Amino acid sequence: MEDFLYFFSFQDPNVLMVVIGISLLSISAAMVGTFTFLDKKALVGDAISHAVLPGVCLAFMFSGNKNPYWIVSGAFFTGALSTYVISWVARYTKLKEDTVIASVLSIFFGVGIVLMTQLQQTGNASLSGLDHFIFGNAISIVREDLWVYGALATCIIVVLLVFYKEFKVMVFNRSFAESIGLPVKRLDFVFNSLMVLAVVTGIQAIGVVLMAALLITPAAAAKFWTDRLSRLLFLAVLFSLISGISGAYISFSLPHMPTGPWVVVVLSIIAFLSFFFSTKKGILTRWVSRRKYQSKIHRDHILKALYQAEEHDKKGLPQKDIVDNFPGKVVKTHRTLRQLKKKGYITNDRELVALTSTGNSEAKRIVRLHRLWELYMTEYMNIAPDHVHESAEKFEHIITPELERQLDKSLNFPKEDPHQSIIPRDQNKP
Amino acid sequence: MIQHIENPVVEVHDLMVSYGQNPVLWNVDLSLPAGSLVGILGPNGAGKSTLIKAIMGLVEANSGYSKLFDQELNQVRNKVSYVPQRESVDWDFPASALDIVMMGTYHHLGLLKRPGKKEKELAMDCLDKVNMKNFAGRQISELSGGQQQRVFIARALAQQAELYFMDEPFAGVDMSTEKALIELFREMTAEGKTVIVVHHDIYSAGKYFDWLIMLNMHLVASGPTAEVLTEELLTKTYGGKLSTLADLGEIIKKSGFNPLKD
Amino acid sequence: MSFDQNAFIIILTGSMIAISCGLLGAFLMLRKMAMTGDAISHAVLPGIVIAFLISGSRHGLTMVIGAGLVGLIATACIEYLTQKVKLQSDASIGITFTSLFAIGIILITFLANQIDLDQDCVLYGEIAYVPIDLWITKAGTIMGPRTTYLAVINLVLAIAFVSLFYKELKLSTFDPEFAATIGLSTAGVNYGLMGMVSYTTVSSFEAVGAILVVALLVVPPATAFLWTKNLKKLLTVTAILGVLISFLGYYLAYLLNSSIAGAMASVAGVFFFVSVTLNRHQIPRIKSKMRRLREEMA
Ligand SMILES: Nc1ncnc2c1ncn2[C@@H]1O[C@H](COP(=O)(O)OP(=O)(O)O)[C@@H](O)[C@H]1O
Ligand SMILES: [Mg+2]
């Protein structure tokens with residue numbers, strides 16, 4: 001708790017610096033990542049992040065220490081080289097893109113490992129920071145680093161905002177972008193450079209191995225809440241900030257913990273929560289609406305049974321008969337009956353269930369939809385009258401009032417269904 | 001105009017198929033006579049491939065069923081052959097034309113057994129039937145589109161089935177080859193086999209097929225060619241989708257789940 | 001530069017690992033699942049750590065089963081995210097492996113005192129130590145290097161898998177729909193292959209690390225693919241490349257005084273880029289040939 005207050009009151013200038021650094025990089029990565037995600041290039045991001053390792057090592061070799069200018073340049077060089085190599089190989093051979101990405105990624109990383117182990121063998125003490133570039137350590141960020149990485153991140157954010165419209169058209173509709181004369185090739189180049197830069201910005205805090213997650217995961221999680229690009233960017237940035245700062249905090253309170261994995265774990269938790277609980281497309285939401293729909297079907301079936309009883313000149317049905325009609329659903333049927341009564345659709349006197357007038361018109365509506373759909377199928381889809389019932393059992397629950405009017409019109413307000421049953425209508429309405 | 005027959009070789013009952021929340025086949029109900037050459041007509045995206053895939057158990061039906069030889073698909077797999085659309089596979093796969101045709105013999109072999117000399121001879125015969133014997137050793141990516149198509153047909157022949165479903169076997173094939181293939185299919189139907197072909201040319205369809213299926217999301221017609229190849233039915237097939245079906249599809253797409261699946 | 005018994009053992013072990021990976025990787029590549037292979041190799045890490053914690057050793061059945069299971073879970077998770085959650089497939093792969101790998105690294109850091117596994121081992125393995133890590137029976141007999149035995153078992157199983165199910169793998173890779181219509185369980189073949197890939201990744205983990213396994217899975221088949229026209233040759237060339245990579249990688253590492261696994265990946269890269277350069281006109285050449293054929297027919 002003390003740690004927590006100390007960290008989040010930002011009284012320590014070092015902490016403040018780390019937080020600013022990781023915030024900037026989270027923002028820039030999430031923004032670039034959103035476009036990458038929409039452009040379905042997420043795995044190229046993975047390749048780039050592995051491919052910066054040899055550049056980082058070369059920078060160490062040449063500069064002899066952890067000089068951020070050298071490191072950024074080296075990382076940018078091999079990162080950019082990898083994107084170039086990927087598109088070159090994919091263009092000129094019959095190898096498929098995913099094979100090319102996996103190959104380039106592992107080859108570059110392998111070269112990086114050779115250089116890194118060689119550096120380690122030389123035993124140069126100032127090289128101890130090299131490990132941090134693999135899994136990241138936000139706490140190791142010092143003032144000079146912040147200037148470089150912060151400036152880069154700001155740069156990325158500014159360029160993305162300036163070319164916002166162009167990039168938007170490009171990721172949503174490439175051929176349209178070409179047709180209205182946007183310089184798609186040049187934009188691609190700018191965008192690839194931004195992607196490499198975004199990875200480079202993150203290597204010290206997050207590390208090369210996991211940097212890909214900062215590009216992919218925020219956007220993927222945000223996509224479950226909205227489809228609008230502006231909101232998508234906002235949410236991705238928010239998710240990324242939350243996880244970035246939490247990761248930094250964990251590294252701060254447990255100094256031997258690498259930052260990258262923690263950021264990724266927090267991000268992944270946010271992503272999985274979004275996948276399951278998003279109110280828009282989440283698994284749970286879909287499950288709930290499915291359950292609701294199933295209850296509606298059950299309700300419709302009970303109303304229909306009562307209506308058919310009325311058609312056979314019965315006042316209603318004994319509750320027991322209704323329950324027996326739906327074997328295996330006793331509890332559900334009782335519950336539905338209670339709900340129907342509460343809504344005023346049915347009366348339930350001494351075990352005899354009957355439709356009220358509201359209930360009657362609702363039941364009529366369902367039966368009407370059933371019979372209209374049966375008629376539509378025979379008239380327009382040439383289906384034999386004895387084959388239409390099953391399908392109508394499904395569509396009677398789906399057809400909306402608008403579609404009902406449309407059906408009625410295209411069938412010329414019919415009176416009978418294909419089995420010569422009356423299509424019931426309310427008297428007061430035409 | 002949907003004609004149903006007694007003792008059909010293929011029977012489809014109230015078949016409904018969707019991809020995710022997108023219904024593409026609505027209540028298809030048809031039966032086909034054995035020993036005939038059947039054409040499936042319909043515009044792009046009409047669901048022709050989907051119909052075949054549903055019958056072959058490659059996509060799951062939301063409702064309805066299909067029967068082949070009055071039996072479940074699993075009981076008669078050995079008697080049924082399927083030729084996918086050419087674009088459905090990657091032709092850069094490292095294999096020769098002969099390798100591909102040999103795949104047609106696999107289901108007779110069972111697990112762990114390797115194809116031998118007998119299978120190879122059969123495959124060569126089949127390549128010969130589609131006039132591709134000279135290309136047996138050629139790598140498949142080096143074949144033209146029409147030649148690749150013929151390799152697929154040869155593979156189907158190697159299955160020695162009774163019932164053939166072919167998805168656009170004439171795509172990319174030149175006129176003379178197309179005629180030769182129809183000739184081959186005619187010989188097969190004369191032997192009592194049934195060949196069902198997705199086709200996109202309404203003019204030649206009248207000459208080629210005994211029976212026609214017309215499809216545009218729903219079944220427009222199924223019957224003897226002479227009876228169903230009419231102006232009216234063609235207009236219904238190619239004149240746009242039924243707007244009510246499209247609207248229903250929109251409702252289902254918006255609902256967040258597919259109410260047609262149980 | 002010398003060729004002694006240690007060199008022999010390392011090269012032999014490396015070759016066997018490279019061949020096992022390459023044989024399975026060839027099918028991954030042809031199924032366009034190279035990145036899934038990459039994902040699996042990262043994702044098995046938490047399985048390795050947990051199995052290590054339970055069994056207290058990095059060898060043995062617990063490890064193979066534990067980590068192999070995690071590999072299969074990762075495959076299933078990718079499929080679940082793509083099909084049920086309806087996330088695009090590249091993102092499903094990316095999220096699955098980064099989260100599992102992150103968990104693995106955190107576990108390693110937490111348990112640093114309890115288990116003899118470190119981040120370096122994860123990154124590039126310890127094939128150099130193969131000759132000194134001996135298998136000693138309870139009776140005290142020295143049987144030889146332990147990892148080499150594991151590699152032998154792995155190789156035998158990989159070869160057995162590919163040759164027993166050659167026909168099924170080939171068919172379901174080329175045309176999964178046709179395979180399904182003749183009653184072949186394509187899901188079965190797929191999970192079989194993914195299971196073998198997970199097992200191989202785990203088995204090779206100690207020698208070459210979790211990340212460089214990808215280089216052995218994908219790069220040799222990709223290189224061989226540029227030179228060959230049928231599957232048997234593709235597999236043969238892949239195997240030969242595996243041996244060459246191991247041999248040359250060992251001496252490159254010797255020369256540079258660096259990680260052997262990294263050097264193997266680098267050598268694989270040299271073969272790959274040389275092949276790409278020599279075959280880079282393959283596509284245009286095929287295209288012009290096709291055009292000629294079409295013209296001939298018209
Ligand atoms: N795998 C799939 N996933 C989603 N939609 C699909 C898939 N395959 C086909 N569709 C859609 O289903 C409809 C019918 O497709 P298809 O059966 O291929 O038509 P056809 O073969 O008649 O051209 C099309 O609108 C197509 O976009
Ligand atoms: Mg089609």
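Values below: every heavy atom of this structure, side chains too, minus hydrogens, waters and symmetry copies. Sequence lines set the chain letters: A, B, ... in the order given, protein chains first and strands last, and positions in each chain run from 1. Keep in mind that this is a model prediction, so the values were computed, not measured.
With a threshold of 4.5 angstrom between heavy atoms, C:Lys233 does not approach chain B through any atom at all. Proximity to chain B (any heavy atom under 4.5 Å) is restricted, for C:Leu30, to the side chain, taken from C-beta onward. Neither the backbone nor the side chain of B:Leu73 comes within less than 4.5 Å of any heavy atom of chain C. Heavy atoms closer than 4.5 Å to chain B are found in the side chain of C:Glu168, but not in its backbone. With a threshold of 4.5 angstrom between heavy atoms, C:Leu171 approaches chain B through its backbone and through its side chain.
Taking CE of B:Met103 as the reference point, atom OG of C:Ser172 lies at 9.0 Å (rounded to 0.5 Å). From B:Arg77, atom CZ reaches atom CG of C:Leu184 across 10.0 Å, with rounding to the nearest 0.5 Å. Taking CD from C:Glu177 and CD from B:Gln85, the interatomic distance works out to 9.5 Å, rounded to the nearest 0.5 Å. To the nearest 0.5 angstrom, C:Asp175 atom CG is 11.0 Å from B:Asp90 atom CG. Residue C:Thr181 holds its OG1 atom at 12.0 Å from NZ of B:Lys53, rounded to the nearest 0.5 Å. For the atom pair CD of B:Gln159 and CZ of C:Phe178, the computed distance is 3.5 Å after rounding to the nearest 0.5 Å.
With chain C as the partner, the residue from B:Pro94, B:Gly20, B:Ser176 showing the most heavy-atom pairs under 4.5 Å is B:Pro94. The candidate from B:Met175, B:His107, B:Arg155 with the greatest count of non-hydrogen atom pairs under 4.5 Å with chain C is B:Arg155. The candidate with the highest count of non-hydrogen atom pairs below 4.5 Å against chain C, out of B:Val80, B:Ile100, B:Val83, is B:Ile100.
Enclosure of atom CD in B:Glu72 is not indicated, since only 12 or fewer non-hydrogen atoms of other residues, nucleotides or ligands lie within 6.0 angstrom. Counted within 6.0 Å of CD on B:Glu60, heavy atoms from surrounding residues, nucleotides or ligands total 12 or fewer; the atom is thus considered open.
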Please walk me through it: do B:Glu142 and C:Lys229 pass side-chain contact (heavy atoms from CB on, under 4.5 Å)? CA-CA 10 Å; B:Glu142 294 169 358; C:Lys229 292 184 175 183; 2.8 Å; yes

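In this pair, C:Phe174 and B:Phe152 present their aromatic rings perpendicular. The plane angle is above 60°, beyond the 30 to 60° band.
With hydrogens and angles ignored, the 3.5 Å screen pairs a side-chain donor or acceptor of C:Lys167 with a backbone N or O of B:Lys113.
Residues B:Gln139 and C:Asn230 have side chains not in contact (no heavy-atom distance under 4.5 Å, counting atoms from C-beta outward). In this structure the side chain of C:Leu231 reaches within 4.5 angstrom of the side chain of B:Phe93, judged on heavy atoms.
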